[in-house]
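Below, chains carry the letters A, B, ... as their sequence lines are ordered, and counting in each starts from 1. Here the structure is a predicted model, which is why all the values come from computation and not from measurement.
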Amino acid sequence: MFIVKFVFLHFVCLLQREREMALRNIMGKRVRIGLMGRRLLSTATCDVESGNSKSINLYSAINQALHVALETDPRAFVFGEDVSFGGVFRCTTGLADRFGKARVFNTPLCEQGIVGFGIGLAAMGNRAIAEIQFADYIYPAFDQIVNEAAKFRYRSGNQFNCGGLTIRAPYGAVGHGGHYHSQSPEAFFCHVPGIKVVIPRSPRQAKGLLLSCIRDPNPVVFFEPKWLYRLAVEEVPEHDYMLPLSEAEVIRQGSDITLVGWGAQLSIMEQACIEAEKDGISCELVDLKTLIPWDKETVEASVRKTGRVLISHEAPVTGGFGGEISASIVESCFLRLEAPVARVCGLDTPFPLVFEPFYMPTKNKILDAIKATVNY
Amino acid sequence: MANWVRISSRSIGNHIRKRMNQGFIGSAVDINKSSGSSSALHGGRTVCDRNRRYLNSLPWNRATLFWFQRFKSTVAEKQQDSFLSSDTDDDQLSLDFPGGKVSYTSDMNFISESSQTRVPCYRVLDDDGELIKDTDFQQVSKEAAVKMYSKMVNLQIMDTIFYEAQRQGRISFYLTSAGEEAINIASAAALTEQDIILPQYREPGVLLWRGFTLQEFADQCFGNKADYGKGRQMPIHYGSKKHNFFTISSPIATQLPQAAGIAYSLKMDNKKACVVSYIGDGGTSEGDFHAGLNFAAVMEAPVIFFCRNNGWAISTNVWEQFRSDGIVVKGRAYGIRSIRVDGNDALAVYTAVSAAREMAVNEQRPILIEALTYRVGHHSTSDDSTKYRQSDEIVYWKNARNPVNRFRNWVQSNGWWSDQQETQLRSSVRKQVIISLIGLDIHNLHFFSDT
């Protein structure tokens, strides 16, 4: 019994460290991980943008994006539960003081109201940036998102639209979140024509993508990996910049297998790629960034190059967005494929607390799948 | 009425009376002062006077009646301060909690689930269309009255013929507003073109009032090339940007929180306009009703929530829908001023909406109007309501409590309408409706020319 506990704890520690180290590499920049106050410098190369940039974490990058959004558009509003004092994750710090309570305000505790209200604001040509406190609580707003926001323009024959709506929500595992603070509900929304779903992997990506989402003429759901709010630190340009939506990015070149992922999971996949390299397997890593509409061309081009694909996401495997990517790749690249499409995802259970390390698609699970696929 | 006010503790009664006069609950309470804008209400008598007379005529403690005065105020008031401010002499008798001071009591009394009597219903015309004595209402000119009446007839005929068109297989679906013509037209008539409409689905009369043509209605029902909605939705899901009428969507009550957002935008832009959002009795059970009203109240948004309580949500009658005294009492739960009106009385609806609009725009607050009425028609062409209600009941409401006839009597009694005009109007509208339907079928057919 003691041995089991010891092994379990050791395993958990390994996983924590794995995530730490993974984060160090994913940015491709000089990165400092703060875990219990310790800072570790990676040996990855610096990639500083022209103009000023600062090393900041994810929530600061998002905060910057919101400041820019409100500064550049006098008809932009930020609202949601607890956003006024800065938000439970500090993403909205300073906004109410700077832009006033009429533009940055708390709402009652009612997600369907938050999104419905946001749709109304957006329908009048405003930029409505709504915050849902945790993606786990987005479901009461599902009707408003699916039946209203996604169909607003289409059903009116383009007489009306709510394109100015952006819904932000923290999603994903955080180590201790359990059922209701760890969910990845992106798959539910990927099934809805009429909205976009965007997930950044790092601070620099987050700022640029969020600004694009806010300025996109369609309603967008923007999931922020809460695990990365503090842990991910990166050089982020201080100016106003946008990153394109529906464009996937190859963040690691390779030739033997294509790995597709998004958000915090990419850092784990990167770790697996590095280990696979030691076994002589060259992995290509693709960050999807926008889940719908997703960049099929980039992924297909990569699969045509490598002949193998592995998809990884935290959400449970059954019905997860990996299934859509898999089916699509098989349709277009069937004869090129050397092995079945692999999916390394969360288990088909509610997100457990103490069993999180077993539930998660860990580096070793991914590594095993890479090897199995390459050796098929 | 709240029973707790009648408990033996004197301090409570005194406290309430004092608060009433200070505007504690936020009503414009000085009943001796007539509000400036109420002079807009015709008849030489202010609504204040009428209320005082009414209140004096009631048997129980006047202190319990402060809430009646809420709906009539058109004077802007600072409510939040009075709600949270402390009263120095009552410090010893009150408790301080987040949300403000409350008096305490040692008598444990539950607030009754219902008042002794139901909230009364405001009406101006009696069932025969005669003006009730000493009533106060917003006067309408001959031109306006005739226009209102004509549009009500338009709506009736359009409904009848389009319904038959569905039966004939010309369109796939239809739903009528039979019995609710007064609600549709009179509420629309009390608004301006700048006021934004978020309908449920039984308010085509509002669009009709604003000038949407019979052809445009038919186009949407056919889903043809001329449909503004580009043929994407079922019939009756009209939408018109030029008339500030947001496209109808089938899910119930989703428009209510959106109305709060739209109204907030109007508020930010300092527009002298409001949002009017319609909902049925059934729709008030939806979560979005709660969300919409609560948001509108907290955001202080100029929305009029207009509830058409027609007694039925498809086959579910109001007893199976809620156990409150209708919808009007729910307004208070959100801190929203509310009124109950006779929805089959065009003048009452017109007056109430006019007053509500003024309050919404000038005071930047939401208002709740419950209009009692009856759904004469089936829920839609997919429904046969005789399966769940008595035919006698339907016939009674259709004939004896008809809002169109009632208003016609009033208009005619003023000498503004005649039987001859009636016949002319009905046959003309009928012809136009048929052209809007048939005209499309024979569009582009050349009978005589070969080019």
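Minimum interatomic distance between A:Cys110 and B:Ala291 (heavy atoms only, all atoms of both residues): SG-CB, 3.4 Å.
Under the 4.5 Å side-chain criterion, counting only non-hydrogen atoms from C-beta, B:His290 is not in contact with A:Pro108. When side chains are defined from C-beta on, A:Asn147 does not count as touching B:Thr254, because their heavy atoms never get closer than 4.5 Å. Residues A:Tyr154 and B:Lys230 are not in side-chain contact: their nearest non-hydrogen atoms beyond the backbone lie 4.5 Å or more apart. Contact check for A:Thr107 versus B:Val298: no side-chain heavy atoms found under the 4.5 Å cut-off.
If you tally non-hydrogen atom pairs under 4.5 Å between each of B:His237, B:Gln255, B:Met299 and chain A, the highest count goes to B:Met299. Between chain A and the options B:Asn294, B:Asp269, B:Val275, the largest number of non-hydrogen pairs under 4.5 Å is found for B:Asp269. The residue among B:Pro251, B:Ala301, B:Gly292 with the most heavy atom pairs within less than 4.5 Å of chain A is B:Pro251.
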Side chain to side chain contact (heavy atoms under 4.5 Å, CB included), that's the test. Do A:Lys151 and B:Ser249 meet it? Break it down for me. CA-CA 9 Å; A:Lys151 299 171 171 60; B:Ser249 70; over 6 Å; no
Start with the C-alpha gap between B:Met268 and A:Asn126, add the side-chain angles, then the distance that decides, and say whether side chain to side chain contact (heavy atoms under 4.5 Å, CB included) holds. CA-CA 10 Å; B:Met268 287 293 107; A:Asn126 301 297; over 6 Å; no
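Within a 6.0 Å radius of CZ in A:Arg90, no more than 12 heavy atoms belonging to other residues, nucleotides or ligands are found. Around CZ of B:Phe217, the count of heavy atoms belonging to other residues, nucleotides or ligands within 6.0 Å exceeds 12. Within a 6.0 Å radius of OH in A:Tyr137, other residues, nucleotides and ligands contribute more than 12 heavy atoms. Residue-environment remark: OH (A:Tyr180) stays at or below the threshold of 12 foreign heavy atoms within 6.0 Å.
Between B:Tyr228 and A:Phe160, the ring center distance fails the sub-6.0 Å criterion.
Side-chain atoms of A:Gln159 never come within 3.5 Å of backbone atoms of B:Gly229 as a donor-acceptor pair (strictly under, hydrogens ignored). The main-chain N or O of B:Arg232 is never found under 3.5 Å from a side-chain atom of A:Arg155 such that the two would form a donor-acceptor pair. Panel note: side chain B:Gln258, backbone A:Ile119; no donor-acceptor pair is recorded below 3.5 Å.
With a 4.5 angstrom heavy-atom cutoff, A:Gln112 touches chain B via backbone and side-chain atoms both. With a 4.5 Å cut-off on non-hydrogen atoms, B:Asp227 does not touch chain A at all. Using a 4.5 Å cut-off between heavy atoms, B:Phe289 does not touch chain A at all. Looking at B:Ile196, only its side chain comes within 4.5 Å of chain A, counting heavy atoms on both sides. Using a 4.5 Å cut-off between heavy atoms, B:Phe246 touches chain A through backbone and side chain atoms alike.
To the nearest 0.5 Å, the span separating NZ on B:Lys241 from CG on A:Asn161 amounts to 8.0 Å. For the atom pair B:Thr247 OG1 and A:Arg153 CZ, the distance stands at 12.0 Å (nearest 0.5 Å). With values rounded to the nearest 0.5 angstrom, A:Leu121 atom CG is found 6.0 Å from B:Ser265 atom OG. In this structure, the separation between OG on A:Ser156 and CD1 on B:Ile248 is 12.5 Å, given to the nearest 0.5 Å.
Partner of B:Phe295 under the ring pair (Phe, Tyr, Trp, His ring centres under 6.0 Å) criterion, chosen from A:Phe79, A:Phe105, A:Phe117: A:Phe117.
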